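Quick notes on the structure that follows.
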Amino acid sequence: MSSSGTGARYRVAPGGVVAGELTVPGDKSISHRALMFGGIAEGETRISGFLAGEDCLATLRALQALGVGIERPQPHTVHVSGRGLEGLRAPGVPLDMGNAGTAMRLFMGLLAPQAFDSTLIGDESLMRRPMERVAAPLRLMGADIRTHDGRPPVLIHGTPHLRAIDYPLPVPSAQVKSAVLLAGLRAFGRTRVTEPAPSRDHTERMLSAFGVEVLRQGATVAVEGGQRLTGTSVAVPADFSSAAFFLVAGCLAAEKGLLLRNVGVNPTRTGLLEMLRLMGAQIRVYAHRQDGAPGGEPIADIEVSKSRLKGIRVPPSLVPLAIDEFPVFFIAAALAQGETLVRGALELRVKESDRLAAMAQGLTVLGVENQLLEDGLWIRGGSGFGGGTIESHGDHRIAMAFAVAGLAASAEIEIRDVANVATSFPGFLEIARSAGLQIEMP
Ligand code: S3P
């Protein structure tokens with residue numbers, strides 16, 4: 001694999017123009033869910049457009065260890081032979097989730113009500129991430145879960161008879177919401193989760209596609225325990241979060257436009273579009289005919305052109321809807337005229353890295369005036385980037401964000417520790433080069 005080994009780095013030559021059209025790989029959130037829901041469904045699930053990134057492959061391997069039959073006739077096509085809600089078997093070994101927070105947290109909800117014990121582990125970054133946010137509500141349901149000072153390894157003593165809860169989420173988190181709903185499928189009674197602000201709703205949509213009745217009332221989503229899932233077909237759209245790097249690249253350097261095809265535009269994911277538009281970006285969204293099937297995800301082609309951006313105060317309501325896109329948004333902000341301020345983004349400190357600190361550090365290296373705030377970042381934009389060496393802290397999105405910055409740099413940018421780009425965006429280097437980024441992996 002071209003991007004393996006912790007010594008992997010990118011070298012990005014300054015300048016360049018982006019053009020043409022491209023399709024980024026499948027959605028990570030949707031690929032994880034399609035595998036997991038397929039595994040606990042009855043009958044076969046056929047997934048097309050599957051993201052063959054390291055994170056989703058960790059989910060795939062964990063399901064195999066749990067006894068789920070999985071075939072991959074092609075890299076992006078997966079057939080899952082579901083074992084039903086009660087058909088998983090004891091894994092015998094700790095389940096390694098790699099870098100994937102989504103995998104670990106959703107598996108907690110899936111495994112807490114099983115008749116066997118399991119242990120969840122991950123890589124260095126995942127072993128530092130908070131898991132109590134999921135363990136706490138599951139314990140209220142009667143689950144027996146232990147963490148190590150709030151972090152992995154997560155030890156689950158399977159407890160088949162959970163009880164439903166009514167749970168107000170302390171932070172907007174699709175992972176916590178999903179874990180509680182998955183446990184709720186095996187609990188006695190109706191489990192309700194209330195969100196302080198909308199988070200991505202792929203779980204709700206996809207459970208409906210698998211035949212589960214999901215009740216939504218205002219900010220509350222509920223499932224009745226004991227419902228069965230029926231295998232189905234899932235067509236995974238291209239990942240908006242991967243497209244995001246090219247949306248910003250287009251704003252910086254698409255003199256004649258750049259077209260991104262078949263992008264998932266679920267409104268709980270597209271906060272970045274609003275933010276870039278508020279900055280003055282020229283972006284056109286050509287929505288595809290909406291798929292009428294229950295649980296369908298909206299898809300669009302998106303065209304972006306080089307734009308004169310201006311700094312903004314990011315509306316707090318958009319923060320959860322753009323949570324994974326802030327690294328590359330900060331690159332756009334650094335090039336926008338004037339000041340940009342993001343607050344209410346404390347969650348960025350507990351992602352694959354502390355993304356507020358990592359971005360502030362990298363922007364400082366490139367000569368951009370910024371101030372790291374407890375829950376956000378202030379940036380004075382408009383003076384371009386210099387060159388320098390950036391620490392990605394092993395975080396895929398930090399690495400890709402700074403690769404995009406090369407388009408507006410005056411000297412070479414070196415980005416260290418980029419192997420984890422393969423967790424979410426296998427083939428990034430090739431696609432980025434085909435679009436016009438002058439990037440190589442020495
Ligand atoms: C995800 C939810 C988000 C997001 C993550 C994927 C998901 O995390 O940051 O990359 O697939 O449910 P939170 O649930 O912590 O907000």
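Along the sequence shown, residues carry numbers from 1. Nothing here was measured: the structure is a model prediction, and the numbers come from that model. Values reported hereafter were calculated over all heavy atoms of this structure, with side chains retained and with hydrogens, waters and symmetry mates removed. When a ligand or atom number is given, it counts from 1 through the structure's own listing order.
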Output the list of atoms in ligand 1 that are nearer than 4.0 Å to some heavy atom of [X], sorted by atom number.
X	result
I323	9 (O)
T102	1 (C), 6 (C), 7 (C), 11 (O)
R200	1 (C), 2 (C), 4 (C), 6 (C), 7 (C), 11 (O), 12 (O)

With a 4.0 Å cut-off on N to O distance, would you call [X] and [Y] a salt bridge?
X	Y	result
R349	E347	no
R83	E86	no
E297	R269	no
R192	E224	no

Going by distance only, is there an N or O of [X] that falls short of 3.5 Å from an N or O of ligand 1?
X	value
A174	yes
S29	yes
R33	yes

Review point. Going by distance alone, is a donor N or O of one side chain under 3.5 Å from an acceptor N or O of the other, for T77 and S48?
Key: no
Review point. Side-chain donor-acceptor pair under 3.5 Å between S118 and Q114, yes or no?
Key: no
Exercise for review: Among all protein heavy atoms, pick the one closest to atom 1 (C) of ligand 1 and tell me residue, atom and distance.
Suggested key: Q175 NE2, 3.6 Å
**Study point:** Spatial distance of atom CG (L162) from atom OG1 (T191) [nearest 0.5 Å]
**Key:** 8.5 Å
Check your understanding: Is the side chain of H76 donor-acceptor paired with the backbone N or O of F50 at a distance under 3.5 Å, no angle test?
Key ->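 Yes, because the side chain of H76 sits within donor-acceptor range (under 3.5 Å) of the backbone of F50.
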Which option, [options], owns the non-hydrogen atom nearest [atom]?
atom	options	value
atom 16 (O) of ligand 1	S199, P130, G101, S173	S173
atom 8 (O) of ligand 1	R355, E347, K351	K351
atom 5 (C) of ligand 1	V176, D324, L106, D27	D324

Practice item. Tell me which part of K177 gets within contact of ligand 1: side chain, backbone, both or neither, using heavy atoms under 4.0 Å. Key: neither
Point to revise | Which segment of H202 sits under 4.0 Å of ligand 1 when only heavy atoms are counted | key: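 Near ligand 1, H202 shows nothing, with every heavy atom at 4.0 Å or more.
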